Structure formats: C-alpha cells, structure tokens
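Quick caveat, the model's predicted, so the values are computed rather than measured.
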Amino acid sequence: QVQLVESGGGLVQAGGSLRLSCAASGSISNINAMGWFRQAPGKQRELVAAITSGGRTNYADSVKGRVTISRDNAKNAVYLQMNSLKPEDTAVYYCYANAKSKMSSYPMDYWGQGTQVTVSS
C-alpha cells in the first residue's frame, strides 16, 4: 500500500503564492507519474500538473506560466509552486501518484486526502 499526504494549502490573496508538498510513503517499489489535481465545489476534478519519473511535465492551460511542478525521487515527493494565484484557483488540491507497491504485481493509482487552497479577491 502507498499513502500520499499533502501539505502547504491555505488562504492567500489574489496575486500571492503557495507551495504545495506531497510525500509518498509505504511499501513502495517505484513511483511512475506524479501530479496534482484540484476540485472546486460543484465542479469536476481536473488535472493541474503532472510529472513523469524522468521529469517530463504537463500543465493545464489555465495554470501555465503560473505554476511549476517538481519532484524529488529520493524523497518520493512532489511539489507544486503556485504563483500569481487567482480566485478561480480556489479548490481542494489532491496529490496523485501512479506507483507500484511491494505488495502488488502491478502499478496502481493513489490519491492524497486533499489540501484546501483558498484565494481571496
């Protein structure tokens, strides 16, 4: 089993910055892609950014130029630096990882519990 725990969410004014962190733990064999999703009240969950084990990144059009995803493979961690935040960025942000547990023969998708990001106007 793999557990993901997010941190770094909070309240920030429009134009401000936040850095989200996610640490994976458990009986990890290896982690493939990692990423961040978000879900605002009454809306569907959407991809914010993703990063492969090799460092290849993808961003949602709505956040390009304002956020940077990175990872530390040695620490099994992924980060999301968010700048120039807008009220529409307000959502619960979820950490994601596709990982293989030592208890499994194949990789699976894992999700963190979510961390609230609120951007005031």
Side-chain angles (χ1 to χ4, degrees):
Q1 185 61 251
V2 177
Q3 295 80 227
L4 303 178
V5 179
E6 306 100 330
S7 63
L11 175 64
V12 65
Q13 292 190 46
S17 299
L18 283 174
R19 180 178 170 84
L20 305 183
S21 300
C22 174
S25 62
S27 56
I28 301 170
S29 178
N30 64 275
I31 301 177
N32 300 311
M34 300 189 80
W36 291 92
F37 289 71
R38 67 186 182 188
Q39 187 167 27
K43 300 180 66 177
Q44 296 188 181
R45 187 173 299 188
E46 65 175 351
L47 173 71
V48 179
I51 184 169
T52 68
S53 60
R56 184 171 179 268
T57 60
N58 287 290
Y59 297 94
D61 289 339
S62 60
V63 302
K64 284 182 180 177
R66 300 190 296 117
V67 309
T68 302
I69 189 170
S70 61
R71 65 189 286 175
D72 186 334
N73 292 332
K75 296 181 179 180
N76 290 327
V78 63
Y79 310 93
L80 189 70
Q81 177 67 47
M82 303 189 292
N83 303 318
S84 301
L85 285 165
K86 305 175 180 179
E88 48 263 47
D89 293 319
T90 296
V92 176
Y93 284 68
Y94 296 91
C95 180
Y96 159 86
N98 180 263
K100 182 182 179 299
S101 168
K102 294 179 181 178
M103 300 293 101
S104 178
S105 299
Y106 50 88
M108 297 176 62
D109 292 339
Y110 296 91
W111 296 89
Q113 82 289 345
T115 185
Q116 177 71 46
V117 171
T118 302
V119 184
S120 62
S121 60

Can you give each donor-acceptor pair under 3.5 Å made by side-chain atoms of residues 76-87, sequence neighbours left out, with the distance rounded to 0.1 Å?
{"from": "Gln81", "atom 1": "NE2", "to": "Asn83", "atom 2": "OD1", "distance (Å)": "3.0"}
{"from": "Asn83", "atom 1": "OD1", "to": "Ser17", "atom 2": "OG", "distance (Å)": "2.9"}

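- Taken together through direct or relayed side-chain contacts under 4.5 Å among Ile, Leu, Val, Met, Phe, Trp and Tyr, Val63 and Leu18 form part of one hydrophobic cluster.
- The backbone N or O of Leu47 lies less than 3.5 Å from no partner atom in the side chain of Tyr96, so there is not a single donor-acceptor pair.
- Pairs passing the salt bridge (Lys or Arg N to Asp or Glu O under 4.0 Å) check and including a residue from residues 94-114, sequence neighbours excluded, do not occur.
- The heavy-atom pair separating Ala91 from Tyr93 by the smallest distance is O-CD1, 3.4 Å.
- There is a path of hydrophobic side-chain contacts, each under 4.5 Å, that joins Val67 to Ile51.
- With sequence neighbours excluded, no residue forms a side-chain hydrogen bond (donor to acceptor under 3.5 Å, both in side chains) with Gln3.
- Residues passing the side-chain hydrogen bond (donor to acceptor under 3.5 Å, both in side chains) test with Ser70, sequence neighbours excluded: none.
- The disulfide (SG to SG under 2.5 Å) pairs that include a residue from residues 33-72 number zero, where partners must be two or more places apart or lie in different chains.
- Counting heavy atoms from C-beta outward, Ile31 and Val2 have side chains that stay 4.5 Å or more apart.
- Residue pairs that meet the disulfide (SG to SG under 2.5 Å) test with at least one member in residues 41-83, sequence neighbours left out, do not exist here.
- Remark: Lys64 pairs with Asp61 by the side-chain hydrogen bond (donor to acceptor under 3.5 Å, both in side chains) rule, at least two apart or across chains.
- Contact between Tyr110 and Ala99 at its shortest, heavy atoms only, is CE1-O, 3.5 Å.
- Hydrophobic clustering of Ile, Leu, Val, Met, Phe, Trp and Tyr side chains at less than 4.5 Å, counting indirect connections, unites Val48 with Val119.
- The side chain to side chain donor-acceptor pair (under 3.5 Å) analysis of residues 111-121, with sequence neighbours excluded, yields the pairs Glu6-Gln113, Gln116-Thr118.
- Within the structure, the salt bridge (Lys or Arg N to Asp or Glu O under 4.0 Å) test picks out the following pairs touching residues 18-41 (sequence neighbours left out): Arg38-Glu46, Arg38-Asp89.
- Asn98 CG to Met108 CE: the interatomic distance, rounded to the nearest 0.5 Å, is 9.5 Å.
- With values rounded to the nearest 0.5 angstrom, Ile69 atom CD1 is found 8.0 Å from Trp36 atom CH2.
- Screening residues 21-31 for side chain to side chain donor-acceptor pair (under 3.5 Å), with sequence neighbours left out, gives Ser27-Ser101, Asn30-Asn32.
- The disulfide (SG to SG under 2.5 Å) pairs that include a residue from residues 3-114 are Cys22-Cys95, where partners are two or more places apart or lie in different chains.
- The local environment of CD in Gln39 is crowded, with over 12 non-hydrogen atoms from other residues, nucleotides or ligands closer than 6.0 Å.
- One finds the OG1 atom of Thr52 at 12.0 Å from the CE atom of Met34 (value rounded to the nearest 0.5 Å).
- By the salt bridge (Lys or Arg N to Asp or Glu O under 4.0 Å) test, Arg45 pairs with no residue at all, sequence neighbours left out.
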